[in-house]
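In what follows, a structure is listed as structure tokens, so that the remarks can point back to it.
Residue numbers begin at 1 in each chain, while the letters A, B, ... track the order of the sequences. Because the structure is a prediction, the values reported are computed rather than measured.
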2 protein chains.
Amino acid sequence: MSDAALTRLVHRRRAPAGNLILDGEQDPGWIAVILSGVVKLLKTAADGRRQIVGLQFPGQFVGRPGGKPSPFLAEAASDVDLCCFAGSSFETAMRENRDLEHVVMHQTLEELDVAREWMFVLGRKTAQEKVASLLLLMAHHLAPEPADVPSAGKAIEFELPLSRTEMAEYLGLTIETVSRQISNLKAHGVISIRGARVVSVPDLAALADWSENNKS
Amino acid sequence: MSDAALTRLVHRRRAPAGNLILDGEQDPGWIAVILSGVVKLLKTAADGRRQIVGLQFPGQFVGRPGGKPSPFLAEAASDVDLCCFAGSSFETAMRENRDLEHVVMHQTLEELDVAREWMFVLGRKTAQEKVASLLLLMAHHLAPEPADVPSAGKAIEFELPLSRTEMAEYLGLTIETVSRQISNLKAHGVISIRGARVVSVPDLAALADWSENNKS
DNA sequence: CGCATTGTTGAGAGCTGTCAAACAGCGTGG
DNA sequence: CCACGCTGTTTGACAGCTCTCAACAATGCG
């Protein structure tokens with residue numbers, strides 16, 4: 001196979017933060033795996049209202065098998081590195097490799113659960129709980145050492161891949177409200193902040209408490 | 001194959017309104033197709049807050065392939081009629097019949113899109129728009145003659161499969177707010193109501209307008 | 001017909017949104 | 001090196017929407 005042909009089948013793509021990756025209308029002709037960075041999926045209304053409906057982290061797919069694109073925009077939240085597979089070859093690979101098909105199915109079901117969990121956040125949580133929930137989510141995904149269970153006394157630190165505007169768009173809030181809730185968490189010692197993006201959480205369990213009610 | 005063996009592989013199940021169908025914890029051992037009625041998927045928090053995260057209509061699946069159940073409760077919103085397939089035989093059928101697998105995949109992707117669309121409703125719409133959006137959704141699913149496109153001047157009538165409480169749980173509102181918004185739509189002639197459950201919409205396009213901003 | 005359940009309506013409080021201004025970070029250019 | 005302006009964040013004051021609490025009406029059932 002020639003280099004040119006190979007490049008058509010699989011290629012690398014870098015998208016700087018803020019870049020549009022999928023326009024939600026036309027089939028890009030490829031399906032990608034995120035190598036690094038965070039991708040946001042969002043819906044925009046005619047009057048300008050915006051809602052982020054999903055965040056994709058490294059190892060997850062961007063794009064959709066079957067030619068029909070998902071009806072949402074995909075944008076790079078941070079600088080993103082993608083590995084893109086030509087749609088046709090991806091479909092072929094799925095047909096021929098049952099395991100790949102199962103991986104795609106498994107990830108889709110996982111995304112569905114995550115979306116529904118977030119529906120609870122959007123529909124039932126207070127602004128304070130929403131912000132704590134988002135920070136907790138980020139801690140789970142971005143912690144240097146994966147500490148999936150919020151263990152007491154475990155301090156972690158990470159850099160937010162989202163601006164205040166993006167946090168608000170994911171939480172169904174305004175940037176002012178997000179900022180106030182962050183300040184409040186800071187004032188109560190639940191988190192501390194360096195330069196608006198670096199968050200350190202002395203006690204994940206305490207943050208988890210704040211994400212469910214208002215204890216501690 | 002004996003009747004008993006067949007019954008283990010596929011059987012009918014009726015669930016009266018309000019009945020718990022899946023507890024969100026243990027694998028029920030089957031996957032079902034809804035023959036009639038509406039099933040709600042919901043998440044409950046320890047403090048009693050409830051959020052409906054999905055509605056399933058006839059033709060859609062309830063349950064999940066792969067043994068791992070979805071982490072949400074499934075309840076009958078109206079009287080429900082299910083056709084249940086033993087999980088093991090369903091898995092076998094998926095392995096042997098590519099088409100079935102594709103149908104499941106297609107439905108899962110569809111559910112994912114619907115969930116994300118609803119995230120926008122929950123995060124960005126006003127109470128008035130939320131209620132109008134729900135009525136519009138019901139009109140599309142329950143209209144006697146499927147009028148997928150909200151065409152002007154088309155009057156339709158349907159019976160709500162949800163109580164005010166359930167509407168509130170799906171919309172992230174309280175029952176009082178739902179009731180007030182319904183009254184308001186009534187007062188503006190967008191809908192009319194008979195007996196709290198039967199809704200008639202003289203003009204779907206007008207309802208669609210109310211679901212997006214507050215015109216008309 | 002009486003009762004329980006469900007839905008409606010009202011009054012007031014509280015949370016979040018809106019509008020506005022101050023502040024911080026950061027690259028540019030003097 | 002510092003002044004400047006741009007962008008993003010924080011904070012404040014206030015209004016408005018939705019929630020809470022309460023009473024009442026309507027519906028359904030024994």
Side-chain angles (χ1 to χ4, degrees), chain A residues 16-18 40 45 47-51 75 77-78 121-135 159-188 191-199 210 213-214, chain B residues 16-18 45 47-51 77-79 121-135 138 159-188 191-199 210 213-214:
Chain A
K40 54 181 175 176
D47 60 11
R49 283 180 281 187
R50 292 160 65 93
Q51 174 70 42
E75 281 185 16
S78 60
V121 173
L122 292 174
R124 290 302 173 200
K125 291 200 176 181
T126 65
Q128 182 68 96
E129 292 168 336
K130 284 180 176 180
V131 169
S133 296
L134 179 52
L135 294 176
E159 179 174 349
L160 277 173
L162 304 181
S163 66
R164 296 293 183 270
T165 297
E166 289 168 324
M167 294 178 68
E169 286 175 354
Y170 196 33
L171 293 170
L173 299 171
T174 61
I175 55 175
E176 295 95 330
T177 299
V178 169
S179 183
R180 272 185 256 271
Q181 306 308 328
I182 289 178
S183 297
N184 196 41
L185 288 175
K186 218 168 15 177
H188 283 80
I191 61 172
S192 60
I193 303 271
R194 284 209 323 271
R197 287 278 189 147
V198 177
V199 180
W210 281 77
N213 39 68
N214 266 353
Chain B
D47 59 13
R49 283 179 282 188
R50 293 159 64 92
Q51 174 71 42
S78 59
D79 290 349
V121 173
L122 292 173
R124 290 302 172 200
K125 291 200 177 184
T126 65
Q128 181 68 95
E129 293 167 334
K130 284 180 177 181
V131 169
S133 297
L134 179 52
L135 293 176
M138 289 302 171
E159 180 175 348
L160 278 173
L162 303 180
S163 66
R164 296 293 185 271
T165 298
E166 289 167 324
M167 294 176 69
E169 286 174 356
Y170 195 33
L171 294 170
L173 298 171
T174 60
I175 55 175
E176 295 95 329
T177 299
V178 169
S179 183
R180 272 184 256 273
Q181 306 308 327
I182 288 178
S183 297
N184 196 40
L185 289 175
K186 219 168 15 176
H188 282 80
I191 61 173
S192 59
I193 303 272
R194 286 208 322 273
R197 286 278 188 145
V198 176
V199 180
W210 282 77
N213 40 68
N214 267 352

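Distance, A:L171 CG to C:dG17 C1': 15 Å, rounded to whole Å.
Of all heavy-atom pairs between A:L171 and A:V178, the closest is CD1-CG2, 4.5 Å. When every heavy atom of A:L134 is checked against every heavy atom of A:Y170, the shortest pair comes out as CD1-CD2, 3.6 Å.
In this structure the side chain of B:W210 reaches within 4.5 angstrom of the side chain of B:N184, judged on heavy atoms.
Partners of A:K125 by side chain to side chain donor-acceptor pair (under 3.5 Å), not counting sequence neighbours, listed by chain and number: A:S133. Partners of A:A45 according to the side chain to side chain contact (heavy atoms under 4.5 Å, CB included) rule, which considers only residues two or more places apart in sequence or in another chain, are A:D47, A:R49, B:F120. Considering only residues two or more places apart in sequence or on other chains, A:Q51 meets the side chain to side chain donor-acceptor pair (under 3.5 Å) condition with none of them. Applying the side chain to side chain donor-acceptor pair (under 3.5 Å) test to B:T177 and every residue at least two apart in sequence or in another chain returns B:T174. In this structure, B:S183 has no side chain to side chain donor-acceptor pair (under 3.5 Å) partners at least two apart in sequence or on a different chain. Partners of B:A196 by side chain to side chain contact (heavy atoms under 4.5 Å, CB included), not counting sequence neighbours, listed by chain and number: B:R164. Scanning for side chain to side chain contact (heavy atoms under 4.5 Å, CB included) contacts around B:R197 gives B:E159, B:L160, B:S163, with sequence neighbours left out.
Direction change of the helix axis from one end of the helix from C:dC1-D:dG30 to C:dG30-D:dC1 to the other is 30°, with five pairs defining each end axis (rounded to 10°).
In summary, contact between chain B and DNA chain D, defined as any nucleotide atom under 4.0 Å from a heavy atom of the protein, begins and ends at D:dT18 to D:dC21 in the 5' to 3' direction.
Distance alone, capped at 3.5 Å, places no donor-acceptor pair between the B:D79 side chain and the B:P16 backbone.
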Atom pairs, N/O to N/O, protein against nucleotides 21-23 of chain C, distance under 3.5 Å?
none

Contact state string [nucleotides 5-11 of chain C, B base, S sugar-phosphate only, - no protein heavy atom under 4.0 Å]: --SBBBB

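Within the structure, no pair that satisfies the salt bridge (Lys or Arg N to Asp or Glu O under 4.0 Å) test touches residues 174-188 of chain A, not counting sequence neighbours.
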